[in-house]
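Read the numbers this way: they start at 1 and go in the same order the structure lists the ligands and their atoms.
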Amino acid sequence: MFPETSKGYTYEDCKATADWLMAQTNIRPTVGIVCGSGLGGLADILKDQVAFNYKDIPNFPQSTVHGHAGRLVFGTLKGRPCVCMQGRFHLYEGYSIQKITLPMRIFKLLGVETVMLTNAAGGLNQDFKVGDIMIIKDHLNMPGFAGNNPLAGPNDERFGVRFPCMSDAYDRELQQLAMDVGQELGYGDFLREGVYCVLGGPSFETVAECRMLHRLGADAVGMSTVYEVIVARHCGMRVFALSLITNQAVMDYDSEEKANHEEVLETGKQREQQVERLVSTMVTRIEPSQLDYYF
Ligand SMILES: O=P(O)(O)O[C@@H]1C[C@H](O)[C@@H](CO)O1
């Protein structure tokens, strides 16, 4: 009934990868972090690191995008065991939607309870500036409207239900925590919240597309995150996500601006430390549902 390519990975495939990782390290993460374009430095703040190149991990895809190092880093943040993807996968790299979201299921099988995702995005909200950090409160899944959803295909109940709810996808307590931590750190001037819209990429948007997305209620546009969120929620992990507004989406035919990946990486470099502090402070305040164990 389903074409072979849409089946993705079985529970057993995911378990084999998780078991392989757990045989190489004693760190049992309860928090999983995903670094967006230009934000890979987040992984460097982990202490007691045990790192794996994606090419050495069974079943893992390879990073092909500049600004995504391709390493899975285990470590601790103030004693809290974490795992961090230094580099994510995107649909436009040619991978199936199941393959780009495989790490979320591996996170789950490693014992991760909370996933924290970051991305680079273009600002559609006219009040946003380059360098703003947008706490994501909701999303628009444009490829999903055309049936491109990571949960399409047979459902394995060991991961989650056939029809998962998404109206609570972004954990409200974690959004509040981000706001509180951001205010404490003095980020009030550049901390925002809003709706993230995912497109397939890799081409950036036309002026007409940006105008349409803005009218539909999107505050920022990007090429990732949403698929990971859907798979993480399906298997019961809490989700927090933020966008770094790396560029203003071009909304005006008179504009001389041209979206480009170099600007995205450059803005990432400039705001990386603040994003790191926000995420790492949040991690130290997230209560695990059971006692952390780290040997
Ligand atoms: O992985 P993220 O979503 O941060 O990457 C964004 C979207 C494209 O991959 C790239 C465009 O510059 O950055």
Side-chain angles (χ1 to χ4, degrees), residues 32-43 54 60-73 84-95 97 99-104 107 115-124 128 130-136 139-144 148 150 169-170 192 194-206 209-210 213 218-232 239-250 257-272 274-276 278-279:
I33 300 169
V34 180
C35 302
S37 283
L39 296 169
L42 251 174
Y54 290 165
F60 240 65
Q62 308 306 308
S63 282
T64 66
V65 183
H66 183 42
H68 291 263
R71 289 188 339 141
L72 188 67
V73 184
C84 183
M85 286 179 71
Q86 201 173 32
R88 66 145 57 81
F89 310 111
H90 307 83
L91 262 190
Y92 63 75
E93 292 176 79
Y95 296 122
I97 197 162
K99 191 147 190 155
I100 63 177
T101 52
L102 171 81
M104 294 303 106
F107 276 11
V115 181
M116 309 189 68
L117 303 125
T118 64
N119 65 52
L124 296 164
F128 287 3
V130 169
D132 282 354
I133 295 173
M134 182 186 87
I135 296 165
I136 301 181
H139 69 225
L140 287 170
N141 177 11
M142 288 301 185
N148 208 358
Y170 299 87
R192 313 266 176 249
V195 175
Y196 174 86
C197 176
V198 63
L199 300 182
S203 49
F204 287 106
E205 301 69 40
T206 65
E209 285 164 349
C210 290
L213 297 177
D219 296 294
V221 56
M223 306 177 193
S224 70
T225 307
V226 166
Y227 319 118
E228 293 150 340
V229 170
I230 291 170
V231 171
V239 165
F240 170 77
L242 67 79
S243 294
L244 175 64
I245 305 300
T246 52
N247 56 290
Q248 296 277 15
V250 181
E257 298 288 325
K258 287 184 201 290
N260 63 89
H261 191 53
E262 289 65 42
E263 182 186 7
V264 169
L265 296 182
E266 183 54 39
T267 311
K269 217 185 285 170
Q270 283 169 15
R271 266 284 185 257
E272 195 168 48
Q274 282 101 339
V275 174
E276 278 169 26
L278 178 65
V279 172

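Residue-to-ligand polar distances place Ser224 within reach of ligand 1: an N/O pair is separated by less than 3.5 Å. Looking at ligand 1, you won't find any N or O of Met223 less than 3.5 Å from one of its N or O atoms. Close N/O approach between His90 and ligand 1 is found [any backbone or side-chain N/O within under 3.5 Å]. Geometrically, ligand 1 and Thr118 share no nitrogen or oxygen pair separated by less than 3.5 Å.
Proximity to Gly36 (heavy-atom distance under 4.0 Å) selects the following atoms of ligand 1: 4 (O). Less than 4.0 angstrom separates some heavy atom of His68 from each of these atoms of ligand 1: 1 (O). Here is the list of ligand 1 atoms found below 4.0 Å of a heavy atom in Asn119: 3 (O), 4 (O).
Counted by atom type alone, Ser224 and Asn119 present zero donor-acceptor pairs between their side chains at under 3.5 Å.
Only the side chain of Val264 comes within contact range of ligand 1, with a heavy atom under 4.0 Å; no backbone atom does.
Ring orientation note: the planes of Tyr95 and Phe89 are nearly perpendicular, at an angle over 60° on the 30°/60° scale.
Aromatic ring centroids of Tyr170 and Tyr196 lie 6.0 Å or more apart.
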Given the rule in the salt bridge (Lys or Arg N to Asp or Glu O under 4.0 Å) test, do Glu272 and Lys269 qualify, once you have shown the distances and angles that lead to the verdict? CA-CA 5 Å; Glu272 195 168 48; Lys269 217 185 285 170; over 6 Å; no

Go through the steps to decide whether Thr267 and Asn247 satisfy the test side chain to side chain contact (heavy atoms under 4.5 Å, CB included), and finish with yes or no.
-> CA-CA 8 Å; Thr267 311; Asn247 56 290; 6.0 Å; no

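Contact check for Leu91 versus Met223: no side-chain heavy atoms found under the 4.5 Å cut-off. Side-chain contact check for Thr225 versus Val198: every heavy-atom pair is 4.5 Å or farther apart.
Note that the CD1 atom of Ile97 and the CD atom of Glu228 stand 10.0 Å from one another [nearest 0.5 Å].
Compare Tyr92, Phe89, Phe204 by their heavy atoms: the one nearest to atom 9 (O) of ligand 1 is in Tyr92.
Looking from atom 5 (O) of ligand 1 to the surrounding protein, the closest heavy atom is Ser37 OG, 2.8 Å. Counting protein heavy atoms only, atom 11 (C) of ligand 1 is closest to His261 ND1, 3.5 Å.
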